[in-house]
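A quick note: this is a predicted structure, and the numbers were derived from the prediction, not measured. The analysis underlying the following values was restricted to heavy atoms, covering all of them including side chains, and did not include hydrogens, waters or symmetry mates. First the proteins, then the strands, lettered A, B, ... as listed; each starts at 1.
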Amino acid sequence: MLYWTQGGAERTAHRRYLIRKGELPLRIYADNAATTQTSELARRVMVDTMDRYWGNPSSLYSFGQEAAEVLYQARCDVAACLGAKPEEIYFTSGGSEADNQAIVSAAQLGKRKGKNHIITTPIEHHAVLHTVEKLAKEGFEVTYLPMDESGIVKVEDVAAAIRPETALVTVMFANNEIGTVQPIARIGALCREKGVVFHTDAVQAAGHLAIDVEEMNIDMLSLSGHKFHGPRGVGALYVRKKVPLLSFIQGGAQERGRRAGTENLPAIAGMAAALTEACAHIDEHYKYVSSLRDALIDGLSAIPHGALNGARAPRLPGNVNFCFEGIEGESLLLLLDDKGVSASSGSACTSGSLDPSHVLLAIGRPHEVAHGSLRLTLDYTNTMEEVNEIVAAVKEVVDYLRNMSPVWKALEKGERKYVI
Amino acid sequence: MLYSEKVMDHFRNPRNVGEIPDADGIGEVGNAKCGDIMKMYLKIDDGIITDVKFETFGCGSAIATSSMATELIKGKPVDEALTLTNQAVVEALDGLPAYKLHCSVLAEEAVKAAIKDYYDKNNIPYNPTDFCNQDCDHCSLEH
């Protein structure tokens with residue numbers, strides 16, 4: 001049932017043709033860590049599923065059983081991309097739900113055995129951090145692994161943190177803000193040796209980095225459909241067969257009793273198609289997208305008193321995250337949008353909270369520098385021409401904002417010390 | 001849309017950006033740690049604000065409120081400028097999202113800080129309660 005249609009490069013070429021003709025405004029989408037455009041394949045599979053497989057997979061008649069077959073095929077496809085078995089995949093409403101269920105389940109099951117300790121990192125996504133914080137309020141003890149400017153945890157620190165009462169280690173596969181990739185296989189091996197359940201939030205990694213849950217000794221893994229050109233509102237949780245999983249949504253027996261509710265089949269099938277497509281092209285996309293990323297990092301490095309956040313490697317192929325001293329991120333984003341560049345920032349103003357990004361603070365960026373952060377996340381739909389346009393736009397906007405910034409003036413006059 | 005058209009206009013085309021080298025009053029408020037600093041320069045002749053410039057480090061609404069505040073006080077007598085309120089800045093901009101209201105407070109404070117500096121430099125007596133105490137930490141305000 002999979003349609004292999006025109007690839008991203010062709011669609012991008014068509015889009016650029018429309019821009020040249022003046023039928024589309026010049027817009028460069030460089031926020032692929034926020035969401036991605038649904039692929040042509042995923043869209044077709046979704047429509048096809050709605051048209052032809054609209055039965056309830058729990059029903060016994062043929063309408064239902066045909067839908068059940070599509071559901072099973074999607075489960076097999078997702079499992080194949082992760083090196084898992086189909087019965088180890090649970091479909092959820094997205095990455096956040098998968099993270100919540102994995103963490104709370106492991107914690108509660110650990111508690112029954114007298115284990116009340118959780119190990120995580122200070123740079124996790126809020127779906128993990130807030131869940132862990134909630135468990136801490138309920139009496140769990142939490143160890144946040146030490147973090148330095150590299151944005152990468154040290155396996156020795158994980159080893160030192162594990163205790164007999166550790167119920168769970170949860171470390172993200174790759175960071176959503178600064179793109180740093182964690183030593184998952186080594187942490188997995190360590191946890192397996194110590195008999196501790198290991199969960200990884202792979203929302204940013206799935207479809208972009210090769211994952212093998214067997215080889216990497218991963219017990220639980222979360223992913224989200226819309227980060228690899230699938231639909232949003234759907235995700236998956238992988239749980240190793242021997243690891244028990246508690247259910248948090250009570251109702252029918254869907255997902256083998258672990259997640260009630262009639263399956264969102266069009267989204268599930270669309271996600272499975274998108275993940276299969278992404279995994280089929282993973283090496284090719286990795287090579288192409290990381291060449292764009294490297295050019296973008298090199299281009300932006302020419303801006304004085306700016307610095308890449310997090311180690312340059314190992315890093316997600318599309319992630320570029322800079323801090324520019326003397327300016328604030330929201331104004332940077334708004335002016336970049338005026339120039340047709342869609343990006344993101346870790347400044348407090350863009351998060352609607354008082355503090356800038358917890359990730360940038362955790363890797364040691366002072367508040368005033370973290371406010372001036374810019375995240376650009378590329379993907380195979382971007383081009384080198386776009387990268388050059390982004391570099392020119394960022395340089396222009398940073399210069400313009402620095403010119404009206406009293407902080408920048410104070411730095412230039414030596415009244416304030418440069419941090420970067 | 002996050003911001004009104006007027007906010008976007010003042011953000012994209014801020015009025016009176018820059019510094020006045022021989023300013024009669026300079027006020028700087030805010031805190032880089034919180035993500036916004038405003039610096040206001042006043043040129044005052046015979047008690048009238050004849051010129052005003054600003055420099056701002058901050059978000060879109062910080063730049064827009066600074067710009068609007070300069071427009072509202074330019075050409076006005078100093079004692080009239082002293083009555084500028086953050087609500088007046090917000091109304092002139094057709095509103096701000098609730099969590100951005102502190103930017104308008106900063107704009108009001110920047111104007112007042114510059115006037116206070118002018119009064120201090122010229123030994124002009126004033127009522128201290130008319131001015132925000134410069135130690136006030138706007139971080140504690142509701143965002």
Side-chain angles (χ1 to χ4, degrees), chain A residues 305 323-340 343-357 360-361 365-374 396-413 415-420, chain B residues 1-3 7-21 23 26-41 53-67 70 96-103 106 110 113-114 137-143:
Chain A
H305 302 290
C323 276
F324 298 108
E325 214 164 351
I327 60 165
E328 192 279 334
E330 190 210 74
S331 42
L332 177 60
L333 289 195
L334 291 171
L335 291 176
L336 281 177
D337 185 40
D338 279 352
K339 291 183 178 296
S344 142
S345 169
S347 86
C349 274
T350 54
S351 68
S353 75
L354 237 59
D355 286 315
S357 144
L360 297 176
L361 296 179
R365 294 290 187 215
H367 276 71
E368 60 269 33
V369 174
H371 285 298
S373 81
L374 173 69
E396 204 178 308
V397 173
V398 168
D399 263 0
Y400 169 80
L401 287 172
R402 279 178 171 174
N403 259 326
M404 72 158 83
S405 162
V407 175
W408 181 249
K409 295 273 166 72
L411 288 164
E412 278 192 316
K413 286 182 196 152
E415 293 161 12
R416 177 186 275 273
K417 282 208 167 62
Y418 289 107
V419 180
I420 50 177
Chain B
M1 190 61 202
L2 173 65
Y3 292 129
V7 172
M8 286 308 288
D9 176 38
H10 275 262
F11 166 63
R12 288 188 178 118
N13 311 295
R15 281 59 148 181
N16 309 308
V17 179
E19 61 180 305
I20 300 175
I26 301 176
E28 184 174 314
V29 297
N31 177 339
K33 203 183 164 211
C34 309
D36 31 32
I37 290 188
M38 287 181 195
K39 197 166 179 179
M40 200 68 76
Y41 301 86
K53 297 262 191 229
F54 81 91
E55 291 171 327
T56 289
F57 159 84
C59 60
S61 63
I63 291 170
T65 52
S66 315
S67 168
T70 62
L96 276 180
Y99 68 102
K100 295 287 188 179
L101 288 175
H102 77 278
C103 291
L106 264 194
D137 183 4
H138 84 281
C139 278
S140 62
L141 290 168
E142 191 91 21
H143 269 243

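If you take CG on A:L411 and CZ on B:F57, they are separated by 9.5 Å, rounding to the nearest 0.5 Å. Here NE2 of A:H371 is found 6.5 Å from SG of B:C34. Values are rounded to the nearest 0.5 Å. The distance from the NZ atom of A:K409 to the CD1 atom of B:I37 is 13.0 Å, given to the nearest 0.5 Å.
With a 4.5 angstrom heavy-atom cutoff, B:S66 does not touch chain A via any of its atoms. Looking at B:I63, only its side chain comes within 4.5 Å of chain A, counting heavy atoms on both sides. Heavy-atom distances place the backbone of A:I327, and not its side chain, under 4.5 Å from chain B. Interface residue A:R416: only side-chain heavy atoms are found under 4.5 Å from chain B.
Shortest non-hydrogen contact noted between A:K413 and B:E19 is NZ-OE1, 4.3 Å. Minimum heavy-atom separation, A:Y400 to B:F11: OH-O, 4.4 Å. In terms of heavy atoms, A:E328 sits closest to B:G35 at CG-O, 3.6 Å. For the residue pair B:G58 and A:S331, the shortest heavy atom distance occurs at O-OG, 2.8 Å.
The backbone N or O of B:A32 lies less than 3.5 Å from no partner atom in the side chain of A:H367, so there is not a single donor-acceptor pair.
Every residue two or more places apart in sequence or in another chain was checked for a side chain to side chain donor-acceptor pair (under 3.5 Å) with B:K53, and none qualifies. Taking the salt bridge (Lys or Arg N to Asp or Glu O under 4.0 Å) definition, one finds that A:E412 meets it with nothing, sequence neighbours left out.
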